[in-house]
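What's counted below: heavy atoms across the whole structure, side chains too, no hydrogens, waters or symmetry copies. Here the structure is a predicted model, which means the values were calculated and not measured. So you know, we letter chains A, B, ... as the sequences are listed, proteins then strands, and number each from 1.
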Number of protein chains: 4
Amino acid sequence: MPKVDDAHLAARRRQILDAAAACFAREGFHRTSVQDIVRESGVSAGLVYRYFSGKEDMIAAIVAEWQERRLARLGDDPIAGYLDVLRSVADPANRAEQRLGVQVWAESIRSERIRAQAREGVDAPRRLAEEAGLPDALARVLIAVWQGLVLQTLWDEDLDIESYLQVVEHLLRPVTQTPATDD
Amino acid sequence: MPKVDDAHLAARRRQILDAAAACFAREGFHRTSVQDIVRESGVSAGLVYRYFSGKEDMIAAIVAEWQERRLARLGDDPIAGYLDVLRSVADPANRAEQRLGVQVWAESIRSERIRAQAREGVDAPRRLAEEAGLPDALARVLIAVWQGLVLQTLWDEDLDIESYLQVVEHLLRPVTQTPATDD
Amino acid sequence: MPKVDDAHLAARRRQILDAAAACFAREGFHRTSVQDIVRESGVSAGLVYRYFSGKEDMIAAIVAEWQERRLARLGDDPIAGYLDVLRSVADPANRAEQRLGVQVWAESIRSERIRAQAREGVDAPRRLAEEAGLPDALARVLIAVWQGLVLQTLWDEDLDIESYLQVVEHLLRPVTQTPATDD
Amino acid sequence: MPKVDDAHLAARRRQILDAAAACFAREGFHRTSVQDIVRESGVSAGLVYRYFSGKEDMIAAIVAEWQERRLARLGDDPIAGYLDVLRSVADPANRAEQRLGVQVWAESIRSERIRAQAREGVDAPRRLAEEAGLPDALARVLIAVWQGLVLQTLWDEDLDIESYLQVVEHLLRPVTQTPATDD
DNA sequence: AATGAATGAGTTTTCATTCAT
DNA sequence: AATGAATGAAAACTCATTCAT
């Protein structure tokens, strides 16, 4: 095949990346072999290495996309966007994405590169919060509330997201509304 | 074949488990080879397999101990102890423990057995909270606040734990309901 | 499919062979991948296979050209030209040529075809020597003196070629038999 | 198997090294796969890597032994030892060793480590010659005469080693004997 | 009880070659 | 004529596990 257009190249890359993401979400980064990705994607082993320099490179690409998706979901209204993000965590359609997230966290422990990416996933919202005038520590707590929800959702399919959201909203009321509100 | 007393057996087991925990915290379960554990522990490969049926078995033992430690720390008074638990997360001396925790979370995705253990780490506190009359969703949020702190501490050594605790306390004030307490 | 004149075909072939020779001299036949040659030559992988049936074929072509060059250099007067040939070995400009030669020697061990070519590089001078009335074994020794010089020059850039030549001349004096010449 | 004695370890190493040397002499370093060595030696792939860090390491070990053998053969009397070395080159029993030598020369072109080893194979005799009062360039020429003989022997099984030796002795006569000897 | 040599299937990665365009 | 995307077999190397001693 001769030089193909960029759309084709992008589609190929997608094909591989989607297969990799599916495998990674299922089995984790290190239990997934390149052969698994080859099988899942339907392309040859050689081609995988034309698009990615190795498994590490694929992991990094997956992580980058995962972060982008999250930040995009946050949108411009930090508070409203935040509750949307929380709700999306509980959506069974996004289960694979959450599973991927946990793998990213584990990988961030041993890979400097991925730690930087994971950290940026916290720092970017923190900067948004700062612009919105929220205390940094509050931003951290809110992010933690999201991170813990990801874990708990994966462990308990019946987690009651609405109650969870209500508690969060309740706790946030003194913060989001005028501070004078007495209880 | 000399017969050895139980204390010796227990000590050997400890020696291996401690080495394994150190390796796992450093590199994760799957990037740690049995040889790594052999090196770190100083015992032979053969002996490792007299104490554990395989790597999976060692992971399970490590996870079980980690879980026990967590639940023990929770102690008798969950409300009073909670902020202390959070503070202990930020203690650099406990860093390996937190790193191990993240690995456990990742492993819970693919192992039913470990998922059950990880889940119990959430369910036990929830039961305690229920006994104390706290809403279940609030218990979940508090656990999330702990989980997220673990992650963020590992990513940012300079995380300001005191500010974090203050925000948590502040958010909880309307809930802990000693409304008169002025600071 | 545009038809192209022979000059174009020859130029293309040259382009590929020159790139291959450069790679082979640098890394040896087997450490050079076809992709290396593709990169060095600037043509596509597909085109390489229109000019050569495969890597082995390229090696054979390179060896053939190298052999031709060697025999050509020998020229018409082997005796007079010999010392010049030795001198040219030490010329840094010919370094790639010498490196290629060593690769050819190594390849001659496993390829009957290349062994025949390499052998002819010895036999042709031997025949010339015979015509000139030189003993066959002397011809062999002279060729050895050249072969060893190739190796030693590649290992030691500071090799003193003039001393080397003087020794050779000195040793040959009783043989070249113009005994009266009192230098 | 428990800790075995050093003789066993040394024998194992020999077993692997001999197999490797046989493969290398037959097919060259780069045409020999680790699997080939595994097959030839009869040990498992894993064991090969307990004794050698990789293929490069095995090549280096082979080269070192090859050099040692040659220097040992040279003995203490440079001139007499030298003619012995030449004679041994033509001995069919040593054919594999000569083939190996040519591979070493080729490898010396791309590997700094092996180049250093190959160079030492020239420098050590040169130092011996210096001690014996022989001019350095003469030592070089003599080494070249040996190197070329290795190549020519491999290309021509019928090479007449006695004539070759006679020519060498003849050429050396003015050097080895008292300079006054008139032919 | 303890060792560590040995295994071999599995891993990631490379590479000569083909062929649709 | 020329491209370069695609293949898949084979390469080097690793690793959990076993077992003779």
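Rounded to whole Å, the distance from NZ on D:K3 to C1' on F:dC19 is 17 Å. Computed from coordinates, the C:Q35 CD to F:dT7 C1' distance equals 13 Å when rounded to whole Å. In this structure, the CZ atom of B:F29 is 18 Å from the C1' atom of F:dC15, given to the nearest Å. Between B:I37 atom CD1 and F:dA16 atom P there is a gap of 8 Å when expressed in whole angstrom units. D:I59 has its CD1 atom 12 Å from the C1' atom of F:dA12, to the nearest Å. Computed from coordinates, the A:R39 CZ to E:dG10 P distance equals 11 Å when rounded to whole Å. What separates NE2 of D:H30 from P of E:dA16 is a distance of 13 Å, to the nearest Å. Between A:F52 atom CZ and E:dT13 atom P the separation is 13 Å, expressed in whole Å.
Comparing D:S33 and C:L47 against DNA chain F, the residue whose closest nucleotide sits nearer the 5' end is C:L47. Residue whose closest nucleotide on DNA chain F sits further toward the 5' end, between B:E56 and D:K55: D:K55. Between C:S53 and D:A45, the one whose closest nucleotide on DNA chain E sits nearer the 5' end is D:A45.
Not one side-chain nitrogen or oxygen of D:Y49 sits closer than 4.0 Å to the OP1 or OP2 atom of F:dT14. The phosphate of F:dA1 (OP1 or OP2) has a side-chain N or O of C:R50 nearer than 4.0 angstrom.
Contacts between residues 103-118 of chain A and DNA chain F, defined by a heavy-atom separation below 4.0 Å, involve no residue at all. Heavy-atom distances under 4.0 Å link DNA chain E to B:H8, B:R12 of residues 8-16 of chain B, given in residue order.
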(Q) Before you tell me yes or no, could you show the steps for D:V34 and D:M58 under side-chain contact (heavy atoms from CB on, under 4.5 Å), namely the whole-Å CA-CA distance, both residues' side-chain angles and the distance that decides it to 0.1 Å? (A) CA-CA 10 Å; D:V34 174; D:M58 303 183 61; 5.8 Å; no
**Q.** Check against salt bridge (Lys or Arg N to Asp or Glu O under 4.0 Å), D:D57 and D:R113
**A.** CA-CA 10 Å; D:D57 195 30; D:R113 184 178 177 183; 3.5 Å; yes
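Among the protein residues, D:T32 comes within range of the sugar-phosphate backbone only, with heavy atoms under 4.0 Å from sugar or phosphate atoms but none that close to a base. Backbone-only contact: C:G54 has heavy atoms under 4.0 Å from sugar-phosphate atoms and none from a base. Across all strands shown, D:V34 has heavy atoms under 4.0 Å from sugar-phosphate atoms exclusively, and none from any base. Using a 4.0 Å heavy-atom cutoff across all strands shown, C:Y51 reaches sugar-phosphate atoms only and no base atom.
Between D:F52 and D:L17 there is a side-chain heavy-atom pair separated by less than 4.5 Å. The closest side-chain heavy-atom distance from C:E120 to C:Q117 is not below 4.5 Å. Within the 4.5 Å cutoff, no side-chain heavy atoms of A:Q103 are placed close to those of A:F24. Residues A:E107 and A:H30 are in side-chain contact: their nearest non-hydrogen atoms beyond the backbone lie under 4.5 Å apart. At least one side-chain heavy atom of D:L9 sits under 4.5 Å from a side-chain heavy atom of D:D6.
Distance from the side chain of B:S44 is smallest for E:dT3 among the nucleotides F:dA2, E:dT18, E:dT3. Checked against F:dA2, E:dT7, E:dT13, the side chain of D:V43 finds its nearest nucleotide in E:dT7.
Contact check on A:E56 versus A:R110 returns a salt bridge, with a Lys/Arg side-chain nitrogen under 4.0 Å from an Asp/Glu carboxylate oxygen.
Annotation for B:R14: atom CZ counts as buried by contact number, over 12 foreign heavy atoms lying within 6.0 Å.
The main-chain N or O of A:S108 is never found under 3.5 Å from a side-chain atom of A:S111 such that the two would form a donor-acceptor pair.
Side-chain contact annotation: B:R95 with B:Q98, donor-acceptor N/O pair under 3.5 Å absent.
If you check F:dC13 for Watson-Crick or wobble pairing at under 3.5 angstrom, you find it paired to E:dG10. The base-pairing partner of F:dA1, taking Watson-Crick or G-U wobble contacts with both distances under 3.5 Å, does not exist among the strands shown.
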